[in-house]
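First comes the structure, then the notes that go with it.
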Amino acid sequence: MTTPAQSKSNEWKLVIHGGAGAIERKSTTPDKDKAVRAGLSRALEAGEKILAAGGKALDAVEAAVVVLEDDPNFNAGRGSVFTFDGAHELDASIMDGATRAAGAVTGAKTTKSPIRLARAVMEDSPHVLLSREGADEFAKSQGLEQVPNDYFSTPERRKQLQDMKSKNLSALVVEYKYGTVGAVALDAHGHVAAAPSTGGMTGKRWGRIGDSPLIGAGTYADDRGCAVSGTGWGEYFIRASVAHEICARMRLSGDNAQVAADAVLAEVKALGGEGGVIVVTPKGETAYSFNSAGMYRGTATKAGRSVAVYGDEGER
Ligand code: ASP
């Protein structure tokens, strides 16, 4: 057993994302810009309350993601993209860096909070990944709130599906592609955790599964390295094992968080993919890295809270 590196002076950190993609000033209305920043701030506030009180990174990432799932501006929970057949199939995962315990769900249709369900899979089942009807059945058995599938629908997302179909576009057209939410945190005890949640990609078919529910692809947490949550073109994140690869580089090559994240995102790009990641380490490093035009993102520390949307704001 390795002892986790203690965070410096018991500092805590929380980093969140609300999706990466073709997010540019010219295509974002002032109202949308405001709503997204407010949503990110609310999510940071929810997680930061827990961390500032000495709570666990695991609880903080879950709390932050629940806020983003409930916010229709993000592609997770309410506001999730539509599948090709006009429904919603939700994916989420959570991982505890202290124990490397993990839980995940794919294709959930009636569970209001997929991230809560992922946590229940981790803590109350002997499994790591549950799918579709089975995942919702398990949620019911755990008393997790159930909703009709159209609870997740919003007019904006329906229009994106209609546009995609009327223009005969593929599910991989950039504008409609990303929006996964996620959080990574370091708590005052030196432990890290990660948690993404998503509706996946507009127009996805045939039970397609992205990177978000796959431990090692869209999420990973290991106190010996870092915690990572990704957003982007899931197929490439799976092929590059993005989240685990970032942690492995840090653990085995001694890369810092930014170097490791940039290197793995460069690999994604070289393969033809696009997206971004957020990273936090037990030593208190944080990093964003993305190769898309923008990424909804935010950080909270003892020193304060900041949110950003476009590529030219703050660090990337
Ligand atoms: N990575 C997600 C997926 O491929 C999409 C996203 O980040 O919005 O399902």
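Start at 1 and go down the list; that is how both ligands and their atoms are numbered.
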Qualifying residues under salt bridge (charged side-chain N to carboxylate O under 4.0 Å, His left out), relative to Lys109, sequence neighbours excluded
Glu133

With side chain to side chain contact (heavy atoms under 4.5 Å, CB included) as the test, pick out the partner of Thr83 among Arg205, Lys204, Met201.
Lys204

Give yes if a backbone or side-chain nitrogen or oxygen of Gly234 is under 3.5 Å from a nitrogen or oxygen of ligand 1, and no if not.
yes

Do the ring centers of His88 and Phe82 come within less than 6.0 Å of each other?
yes

Measuring from non-hydrogen atoms of Arg208 to any atom of ligand 1, is the shortest distance under 4.0 Å?
yes

Expected output: side-chain Lys56 to main-chain Ile50 donor-acceptor under 3.5 Å
no

List the steps, then state whether side-chain hydrogen bond (donor to acceptor under 3.5 Å, both in side chains) holds for Asp91 with Ser212.
CA-CA 6 Å; Asp91 297 341; Ser212 307; 5.7 Å; no

So the atoms of ligand 1 within less than 4.0 Å of a heavy atom of Gly200 turn out to be 5 (C), 9 (O)

Regarding ligand 1, does Thr231 bring an N or O atom to under 3.5 Å of one of the ligand's N or O atoms?
yes

Before signing off on this row, confirm whether Gly210 and ligand 1 have an N or O atom pair separated by under 3.5 Å.
no

Taking 4.0 angstrom as the limit and counting only heavy atoms of Gly232, give me the atoms of ligand 1 inside it, by number and element.
1 (N), 2 (C), 3 (C), 4 (O), 5 (C), 6 (C), 7 (O)

Going by the atom numbers of ligand 1, which of them fall below 4.0 Å from some non-hydrogen atom of Asp211?
1 (N), 2 (C), 3 (C), 4 (O)

State whether the shortest distance between N or O atoms of Thr180 and N or O atoms of ligand 1 falls below 3.5 angstrom.
yes

Who else is in Phe138's hydrophobic cluster (ILVMFWY, side-chain heavy atoms under 4.5 Å, direct or via others)?
Val105, Leu117, Val121, Leu130, Leu144

More than 12 foreign heavy atoms under 6.0 Å from CZ of Arg249: is that the case here?
yes

Gly19 near ligand 1, heavy-atom distance under 4.0 Å?
no

